Amino acid sequence: MSTYVYMKVLESSPRRYDAGIRLLSLGGVDAMYDEVAEAAVPAGRDTPARVLEIGCGTGNLTLALIERGAVVTAVDQSPEMMEVAQEKTAEAGASVSFREMAAVEIGERFDESSFDAVASSLALSEMSEDERRYVLRAAHRVLTRGGRLVVADEVRPKSAAARFARAVARFPVAAVTYLLTQTSTSAIPDLAGLVRDAGFVVEREDHVARAGVGIVIARKPEEGATT
Amino acid sequence: MKLLDALAEVLLTGFRLVPFPIKTGLVELGSPDRMSPVFVTGNYDLTVRRVKRALAGIDGYLLVANSNGVNVWCASSGGHLTTHQVVTAVKLAGLEERVTHRELIVPQLAATGVEGKEVRRRTGWIVRFGPAEADDIPAYLAADKDKSPALRQVRWGARERFEMAAAWATPMSLVAGLLAVGHRLEAIALVWALALAIFFLFDRISLGESARKALFAAGGALGCAIVLAVTGTLGPWTMLAWTAASAAAVGILTFDYAGSSPTEAAGIFEEKDFTVVLDEDRCKGAWSCVAVCPEAVFEKREADRKVEITAQDRCIRCGACLVQCPQDALSFASPDGRSVGPDTIRRFKLNLFGKRAAEPEAESPR
């Protein structure tokens with residue numbers, strides 16, 4: 001169900017993003033936010049986890065992270081989307097540090113090893129291939145050793161048949177979206193491979209089938225040389 | 001290859017309302033050296049083709065930033081080509097290893113989205129806004145990057161008008177060709193005639209509600225009168241057809257062309273009666289407004305090194321001047337005293353209908 005081409009329609013009107021994306025993912029997107037937050041902030045920590053969220057958008061994952069007691073720093077390049085996120089988290093009574101910047105900037109805006117986890121949902125698919133690699137390396141830099149990286153995004157099915165079925169199902173949706181919003185997203189061929197290339201150890205891969213989303217849970221190695 | 005390129009360009013021009021994204025990143029032009037200029041553009045196929053053609057014979061680098069496959073002006077006004085996309089392109093390109101200078105020549109029409117001083121703060125690169133039209137880049141370089149008014153003003157001549165007419169008529173022709181069974185050619189000819197008429201004759205018409213009604217009634221009545229005079233009879237179906245035709249014509253003539261014509265002003269929120277105002281005390285004569293205004297609304301006042309708004313009537317409220325002013329000396333004001341400042345214009349971008357989504361009360365007057 002590659003409904004994420006709609007993301008851009010929704011993004012052009014931030015106030016309608018949440019209702020739209022929930023409907024289009026048949027509710028699957030909420031399960032995704034919960035799973036990402038759960039993996040990024042394991043229960044039973046003594047101190048609150050410091051989490052960096054890349055591409056917070058309207059703040060749905062941000063909320064899920066706060067609910068689990070994390071101290072969140074959220075970056076996004078759309079001030080309009082972040083405005084919605086800010087209202088939402090303020091309503092929840094949490095204080096989140098929202099920072100407007102391009103994802104490629106995180107490596108220099110934040111200190112090395114300054115976060116216990118880095119989380120991101122539906123942001124990498126909007127980037128070019130070299131941008132994804134750059135951002136994941138930067139995420140590696142700002143994470144503490146042993147820290148978790150959790151990324152969820154639209155993934156490209158592995159089998160050719162599934163890819164074909166997806167392309168056929170996607171075409172009318174993509175065409176309409178193109179006309180309406182002048183944009184599209186590109187599904188990521190090998191999300192786990194990208195994460196590995198940036199120096200992480202992949203612990204688990206998961207799928208939210210309903211939403212066509214893959215989740216990769218990885219760790220920055222404790223000791224020894226990485227990239 | 002030449003023929004294929006020409007064909008691609010015709011198709012891309014006809015379907016220019018649809019984005020055609022191409023690969024982002026650094027492109028070498030000719031044989032650049034360490035002092036060669038670096039030009040920035042968006043990743044819209046047609047744009048990159050035209051920029052490359054305009055730069056033929058110039059040695060340099062073309063940095064293609066991600067504008068979601070949308071042309072530079074629309075993308076920067078709509079939030080697709082902003083400071084962050086330029087910062088991202090610069091970081092990924094590794095330009096520092098290729099050139100010794102730190103200057104980016106950014107399209108002037110990107111000034112509504114790409115904030116020069118923010119790019120500098122985040123990357124160390126200086127943004128210099130080039131000419132409004134890519135075709136003028138050689139002239140701009142020949143003039144030592146000094147922009148005469150002709151290089152700053154967006155062009156709206158026969159060629160540009162024809163291209164916009166084609167951009168509307170091509171997809172509409174497909175629709176008309178599908179729907180008008182039995183009269184396909186006539187329908188397509190009508191679509192093109194209307195589109196050409198609109199962009200060559202009527203794009204400056206902005207009618208009020210009462211003028212619209214009068215035009216509608218006059219069109220219908222005139223049509224009926226002509227039929228009556230020529231044929232001597234007037235049936236109910238003929239009258240209905242002329243009424244419908246008149247309604248359609250009025251709809252087309254009074255359509256809001258913001259976004260399709262550089263002379264139609266954008267709305268601030270839902271309103272169009274905002275004007276640009278200058279706080280003279282804040283103005284320090286940086287003249288960035290002069291450099292980025294696509295309609296030459298401002299003029300330098302050398303005597304006290306301030307700027308003067310000399311052509312308010314040409315202002316299309318694109319907001320480029322507010323975004324770039326280093327002193328935040330410019331803002332938009334409504335007749336009833338509300339004010340919209342640079343921060344709102346920097347944050348809230350235009351939608352496809354040339355409106356900003358922000359609420360007017362989001363910002364208190366300075």
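These numbers come from a predicted model, not from an experiment. Just so it is clear: chains get the letters A, B, ... in the order the sequence lines come, proteins before strands, and each one is counted from 1.
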Mind jotting down which residue pairs meet the salt bridge (charged side-chain N to carboxylate O under 4.0 Å, His left out) criterion with at least one end in residues 67-93 of chain B? Sequence neighbours excluded, please. E108(A)-K91(B)

As an exercise, state the distance from CD of E118(B) to CD of E100(A), rounded to the nearest 0.5 Å. 7.5 Å

More than 12 heavy atoms of other residues, nucleotides or ligands under 6.0 Å from CZ of R120(B): yes or no? no

Given that the side chain runs from C-beta out, which part of T88(B) has a heavy atom under 4.5 Å from chain A: side chain, backbone, both or neither? both

Chain B contact via R133(A) - which portion, at a heavy-atom distance below 4.5 Å: neither

Distance col, row S78(A):OG vs H84(B):NE2, nearest 0.5 angstrom, shows 8.5 Å

Around atom NZ of K52(B), are there more than 12 heavy atoms from other residues, nucleotides or ligands closer than 6.0 Å? no

Could you look at M82(A) and say if it's the side chain, the backbone, both or neither that has a heavy atom under 4.5 Å from chain B? neither

Looking only at heavy atoms, what is the nearest atom pair of R122(B) and E105(A), with distance? NH1-OE2, 2.8 Å

Could you check which of T82(B), L92(B), N66(B), T123(B) has the highest count of heavy-atom pairs closer than 4.5 Å to chain A? L92(B)

